[in-house]
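Sequential numbering from 1 along the given sequence is applied to the chain's residues. Both counts, for ligands and for their atoms, begin at 1 and track the order of listing.
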Amino acid sequence: MSSDPNCIFCKIIAAEVSAAVVYEDDSVLAFLDVGPLADGHMLVIPRKHYTRLTDVPSELCAHMASVLPLLGRAALEVTKAEGFNVLLNQGAVAGQAVPHIHFHVIPRRKDDQLGYRWNAGKYPEGRASQLAAAYQAALSHHAT
Ligand code: 5GP
Ligand code: ZN
């Protein structure tokens, strides 16, 4: 499905819903998030409708990623932020609300009160090597 008539971001792509567009090219659109976590919070989306990052062809994903440095530089310049987060939520459990995959670019400042609990754990003996081997095996039978 290259477009979903019920999808708010497909409607933005089709110009049926307005958005403050920041960047566009043949396959990607970037625009301001209507509910910003910080001044200048942007969303970067593929023009084609994909619900999950795991369904996006590598070439398209690479192109989406390739505009991030450009958008990041613009965010730092325009908002005078000191840094930014790039975030992608896949699945409701990860916080995905809009089923058209998107990168968030969120400008960050000292003491901005953003962020989430980063409860760093520690692997028990053997778990990391077991996981790495399982990932390598999974990757060997998944196409890129
Ligand atoms: P998610 O939780 O799916 O990762 O993020 C969805 C984001 O899309 C939210 O931050 C929300 O504010 C934004 N959003 C939802 N509807 C619209 C809209 O109609 N226009 C714009 N510009 N952003 C939207
Ligand atoms: Zn869509």
Side-chain angles (χ1 to χ4, degrees), residues 1-123 127-128 130-144:
M1 178 171 37
S2 69
S3 173
D4 177 342
N6 299 315
C7 169
I8 186 72
F9 289 176
C10 284
K11 289 180 184 171
I12 288 174
I13 295 283
E16 292 164 19
V17 167
S18 67
V21 172
V22 167
Y23 171 87
E24 60 183 317
D25 63 31
D26 287 350
S27 54
V28 166
L29 188 73
F31 52 94
L32 295 183
D33 192 309
V34 79
L37 295 184
D39 195 42
H41 178 169
M42 291 178 270
L43 301 173
V44 187
I45 68 172
R47 286 189 181 274
K48 279 192 186 167
H49 180 92
Y50 292 97
T51 298
R52 308 185 303 182
L53 179 70
T54 44
D55 294 329
V56 176
S58 295
E59 302 73 29
L60 177 54
C61 188
H63 180 62
M64 286 174 72
S66 77
V67 303
L68 293 173
L70 179 72
L71 295 175
R73 285 195 293 272
L76 297 178
E77 183 182 322
V78 171
T79 71
K80 310 293 181 219
E82 297 152 62
F84 57 89
N85 288 117
V86 173
L87 178 70
L88 181 145
N89 303 325
Q90 173 164 321
V93 72
Q96 183 177 7
V98 175
H100 184 133
I101 205 71
H102 45 279
F103 286 112
H104 294 259
V105 180
I106 308 168
R108 297 299 305 271
R109 292 172 181 286
K110 200 166 179 295
D111 301 326
D112 61 11
Q113 307 297 322
L114 289 176
Y116 47 91
R117 279 171 294 127
W118 195 284
N119 290 336
K122 196 171 180 343
Y123 284 120
R127 178 60 178 157
Q130 181 193 38
L131 271 175
Y135 273 128
Q136 287 175 22
L139 288 165
S140 69
H141 62 252
H142 282 290
T144 53

**Student:** Got F9 and L43 here, is their nearest side-chain heavy-atom distance under 4.5 Å?
**Tutor:**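 Heavy-atom side-chain distance check passes, below 4.5 Å.
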**Student:** Are D25 and H63 side-chain neighbours, meaning at least one heavy-atom pair lies under 4.5 Å?
**Tutor:**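 The answer is yes; the side chains approach within 4.5 Å.
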**Student:** Name the residues with a heavy atom less than 4.0 Å from ligand 1?
**Tutor:**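 Contacts of ligand 1 under 4.0 Å: I8, F9, I12, F31, L32, D33, V34, G35, L43, N89, G95, Q96, A97, V98, H102, H104.
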**Student:** Indicate yes or no: at least one non-hydrogen side-chain atom of F103 is less than 4.5 angstrom from one of L71.
**Tutor:**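 No, their side chains stay 4.5 Å or more apart.
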**Student:** What count do you get for protein N, O or S atoms closer to the Zn ion (ligand 2) than 2.8 Å?
**Tutor:**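 Every protein N, O or S atom under 2.8 Å from the Zn ion (ligand 2) counted, the figure is 4.
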**Student:** Side-chain contact, heavy-atom cut-off 4.5 Å: E24 with R47?
**Tutor:**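 Yes, close enough: below the 4.5 Å cut-off.
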**Student:** Between H100 and H49, what is the shortest heavy-atom contact and its length?
**Tutor:**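 So the two residues come closest at ND1-ND1, 3.3 Å.
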**Student:** Using side-chain heavy atoms (C-beta onward) and a distance below 4.5 Å, is K48 in contact with V56?
**Tutor:**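 The answer is no; the side chains never approach within 4.5 Å.
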**Student:** In terms of relative ring orientation, are H41 and H104 parallel, tilted or perpendicular, with 30° and 60° separating the classes?
**Tutor:**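 The rings of H41 and H104 sit tilted, inter-plane angle from 30° to 60°.
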**Student:** L131 versus Y123: any side-chain heavy-atom pair under 4.5 Å?
**Tutor:**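 Heavy-atom side-chain distance check passes, below 4.5 Å.
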**Student:** So, for A75 and P107, which heavy atoms are closest and what is the spacing to 0.1 Å?
**Tutor:**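 Smallest interatomic distance, heavy atoms only, reads CB-CG, 4.3 Å.
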